[in-house]
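See structure below.
Chain identifiers are assigned alphabetically (A, B, ...) following the order of the sequence lines, protein sequences preceding nucleic acid strands; residue numbering begins at 1 within each chain.
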Amino acid sequence: MGKRYWLFKSEPSEFSFEDLQHRPRRTTCWDGVRNYQARNLLRDEVKKGDEVLFYHSSTKPPAAVGIAEVVRGGYPDATSDRQDPTWYAVDVRAVRPLPRPVSLAAMRGSPALRSMVLLRRGMRLSVQPVTAAEWRAVLRLAGE
DNA sequence: GCCAACGTTGGC
DNA sequence: GCCAACGTTGGC
């Protein structure tokens, strides 16, 4: 399967895109996800080479701020039983910040993003799929 | 701080 | 398996 696109949410007071950029090799283990739907995506769908929109929640305004890439696909996280893992992690590396952040309001205002998971019932999902068309639309809003 | 959305838990 | 109670997320 070809490259896919995702949106990862983080509260920057916990872990920001800038934090990711300052990590060794600009890489971190994306763990701590405790939602089964998001867990299933990490375990089964998020693959090395996929691209990630890094979204800051609980900020004024909430916004997509950067691009990262998956450098290691789903693997059982450190808290999981070896034989019967419950929770999964992936590794992500910062690629580049967006030229300008794309606020949630800006995304709401874009017809191309009408059915984006972020704007629908996936409001609370911390790992969510983004279509290729949505990806391009967000980057366009960001001025890329 | 409020509250809507929605996931999880547990009694039955 | 149903569903009410409860907890969490996260925008506003």
Side-chain angles (χ1 to χ4, degrees), chain A residues 1 3-23 26-48 50-144:
Chain A
M1 173 169 312
K3 179 169 71 178
R4 296 174 66 183
Y5 302 95
W6 308 98
L7 181 147
F8 285 13
K9 280 200 262 195
S10 184
E11 292 194 27
S13 59
E14 296 298 318
F15 190 81
S16 68
F17 188 72
E18 191 169 58
D19 293 333
L20 180 60
Q21 289 181 290
H22 291 140
R23 281 293 165 104
R26 300 157 62 90
T27 298
T28 196
C29 169
W30 200 263
D31 60 6
V33 170
R34 290 295 181 268
N35 168 280
Y36 289 109
Q37 199 179 341
R39 185 282 306 271
N40 293 348
L41 293 174
L42 292 180
R43 185 188 59 195
D44 305 330
E45 309 288 344
V46 180
K47 304 296 187 189
K48 182 179 179 182
D50 289 354
E51 290 199 87
V52 174
L53 258 186
F54 199 107
Y55 175 87
H56 282 169
S57 64
S58 299
T59 51
K60 294 179 190 173
V65 297
I67 293 171
E69 67 176 324
V70 179
V71 293
R72 184 182 175 191
Y75 59 94
D77 81 355
T79 70
S80 276
D81 183 277
R82 278 271 180 86
Q83 312 303 325
D84 185 23
T86 304
W87 302 114
Y88 281 75
V90 299
D91 290 352
V92 291
R93 176 165 55 204
V95 174
R96 62 185 183 277
L98 294 174
R100 55 173 185 267
V102 180
S103 70
L104 182 62
M107 290 189 258
R108 281 226 170 86
S110 168
L113 299 178
R114 177 161 309 165
S115 46
M116 195 175 184
V117 173
L118 183 69
L119 309 182
R120 314 194 117 235
R121 63 202 147 288
M123 183 90 88
R124 295 174 55 212
L125 196 59
S126 65
V127 172
Q128 37 180 276
V130 174
T131 68
E134 290 164 351
W135 180 269
R136 288 190 298 271
V138 172
L139 266 53
R140 200 176 314 120
L141 290 171
E144 282 207 348

Rounded interatomic separation in angstrom, taking [atom1] from [X] and [atom2] from [N]:
X: A:Tyr55; N: C:dG10; atom1: OH; atom2: P; value: 8 Å
X: A:Leu104; N: C:dT9; atom1: CG; atom2: C1'; value: 13 Å
X: A:Leu118; N: B:dC6; atom1: CG; atom2: P; value: 13 Å
X: A:Arg39; N: B:dG7; atom1: CZ; atom2: P; value: 15 Å
X: A:Arg34; N: B:dG7; atom1: CZ; atom2: P; value: 18 Å
X: A:Met107; N: C:dG10; atom1: CE; atom2: C1'; value: 14 Å
X: A:Leu41; N: B:dG7; atom1: CG; atom2: P; value: 13 Å
X: A:Asn35; N: B:dA5; atom1: CG; atom2: C1'; value: 13 Å

Checklist entry - Would a distance-only check, ignoring hydrogens and angles, find a side-chain to backbone donor-acceptor pair under 3.5 Å from A:Asp50 to A:Arg4? => result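 Indeed, once roles are kept as given, a pair shorter than 3.5 Å links the two residues.
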Item to check | Sidechain-backbone polar pair: A:Ser10 side chain, A:Pro12 backbone, donor-acceptor under 3.5 Å | outcome: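 Flag not set: sc A:Ser10 to bb A:Pro12 has no pair under 3.5 Å.
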Next on the checklist: Any donor-acceptor pair under 3.5 Å linking the side-chain atoms of A:Asp44 with those of A:Tyr88?
Outcome noted: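 The criterion, which ignores hydrogens and geometry beyond distance, is not satisfied for A:Asp44 and A:Tyr88.
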Tell me whether the OP1 or OP2 atom of [N] has a side-chain N or O from [X] closer than 4.0 Å.
X: A:Tyr36; N: B:dC6; answer: no
X: A:Arg108; N: C:dC12; answer: yes
X: A:Lys60; N: C:dC12; answer: no

Checklist entry - In terms of ring plane angle, is the pair A:Phe15 and A:Phe54 parallel, tilted or perpendicular, where the classes change at 30° and 60°? => result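 Plane angle between 30° and 60°, so tilted.
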